[in-house]
Amino acid sequence: MSVLQQIEGLKKEALGELENTGDAGQLEAWRVRHLGKKSRLNEVLRSLSSLPVEDRKTVGGAANRLKAELEESLANREEVLGKQHTASARVEQLDITLPGCRPPIGRLHPVTRVIGEMSRIFTSMGFQVVEGPEVEWDYYNFEALNIPKEHPARDTMATLWVDYENEKGERPMLMRTHTSPMQVRVMENAEPPLRVVVPGKVYRYEAIDATHIPMFHQIEGFAIDTNITMADLKGTLYEFAHRFFGRDRKARFRCDYFPFVEPGVEMSIECAVCKGSGCRLCGNSGWIEILGAGMIHPRVLERVNIDPQKFSGFAFGMGIERIPMLRYGIDDIRLFYGSDLRFLRQF
Ligand code: DAH
């Protein structure tokens, strides 16, 4: 067997054995056997000088290449075994009997929940739920609701105007101050009979305090048909109040004014805290106002080409945040939008 064949044999043997090493001790034994002073490879290297000159170069080259290859293979094997070792150590450290960490589970925001609850009550009474734009035109938010340019009712809704000017130099774009503009949008696009509720965000230019924020929610509702009367309005809203607040909570109507209804009313429910006897929350009256409503003004119907001689309708609008505030005794509206999970998780 030539020396070159011997070297080839050593290589096969060494690499084969290396595959079977399993820990640092075996690796060291392998290193001594195949790369150590007394290894056969070392013998070959040492005996180079006794070879005929013409063979020295080829044999020396092959032996040195093998040495380098074995050293590299050793380093690779060390790395592989090291990784396996730490991985198995990690498995050993995992105590599967320990209780796991519960992933935090999200939930719907209290305002979203109330909107869902209210929408379900109204849909069960035959109402459809629709949504509308939060950026609105003056026309829908005011004009078409019988609130012309110089009407004092505009002052009661501090408006956030959008910085947009049309060709006529007017600034007719705004953040809707209530959900009522959707009455007009729906009436423009659908024929009576209509029964619709519209939940959504509304915006007012308010200084922020415990009861005012510049964005809050309302739910609007209206029904238009032949022969709709005040009795339908009262029946629908009494039913809503009883289903939402409980059968034993009293509700009452009183006259109120809104430019887009005639007659207009407000509805109050018995104070949950004092049950009607009077306390701080209800300002000693025993009642808490929850919504505005009324019979849709004939001028509003005419504008969208619904004949007020033939059709009539009722409408109502209710602030949403107030409702969980009253229900759970929350005294600061800002809590809803502070993203404090300790507060939000309670609902
Ligand atoms: N849009 C009124 C507001 O924001 C609430 C309201 C009152 C809505 C009477 C109505 C209504 O539909 O009939 O204050």
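Read the numbers this way: they start at 1 and go in the same order the structure lists the ligands and their atoms. Atom set for the values below is all heavy atoms of this structure, side chains included, hydrogens, waters and symmetry mates excluded.
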If you measure from each non-hydrogen atom of F314 to ligand 1, which part falls under 4.0 Å: side chain, backbone, both or neither?
neither
Could you list which atoms of ligand 1 come closer than 4.0 Å to a heavy atom of Q183?
12 (O)
Heteroatom proximity flag, A315 to ligand 1, N/O under 3.5 Å:
yes
Quickly, which of I290, V197, V265 forms a side chain to side chain contact (heavy atoms under 4.5 Å, CB included) with F316? Name it, please.
V197
Atoms in ligand 1 with a heavy atom of G294 nearer than 4.0 Å:
13 (O)
For the residue pair W30 and H34, does the interplanar ring angle fall in the parallel (under 30°), tilted (30 to 60°) or perpendicular (over 60°) class?
tilted
Which atoms of ligand 1 sit under 4.0 Å from any heavy atom of R204?
3 (C), 4 (O), 14 (O)
Scan side-chain atoms only and decide if T21 and Q26 contain a donor-acceptor pair under the 3.5 Å cut-off.
no
Indicate whether any N or O donor in one side chain lies under 3.5 Å from an N or O acceptor in the other, for T177 and N141.
yes
Using 4.0 Å as the upper bound for N to carboxylate O, is an ion pair formed by R171 and D138?
no
What are the atoms of ligand 1, with element, lying closer than 4.0 Å to any heavy atom of Q218?
3 (C), 4 (O)
Only heavy atoms of S180, strictly under 4.0 Å: list the atoms of ligand 1 that pass.
1 (N), 8 (C)
A student checking ligand 1 against V261 at a 4.0 Å heavy-atom cut-off should list atoms 13 (O)
Contact between F260 and ligand 1, counting heavy atoms under 4.0 Å?
yes
Taking R247 first and then E239, would you say they form a salt bridge - that is, a charged N and a carboxylate O separated by under 4.0 Å?
yes
Tell me whether the rings of F260 and F258 are parallel (<30°), tilted (30 to 60°) or perpendicular (>60°).
tilted
T177 N/O under 3.5 Å from ligand 1 N/O
no
Which label fits H109 and F336: parallel for a plane angle under 30°, tilted from 30 to 60°, or perpendicular past 60°?
tilted
Which protein heavy atom lies closest to atom 12 (O) of ligand 1, and at what distance to 0.1 Å?
E220 OE2, 2.7 Å
Does a donor on one side chain and an acceptor on the other come within less than 3.5 Å for S124 and R243?
yes
If you measure from each heavy atom of M318 to ligand 1, is any distance below 4.0 Å?
no
Checking heavy atoms under 4.0 Å, the part of H297 that sits near ligand 1 is neither
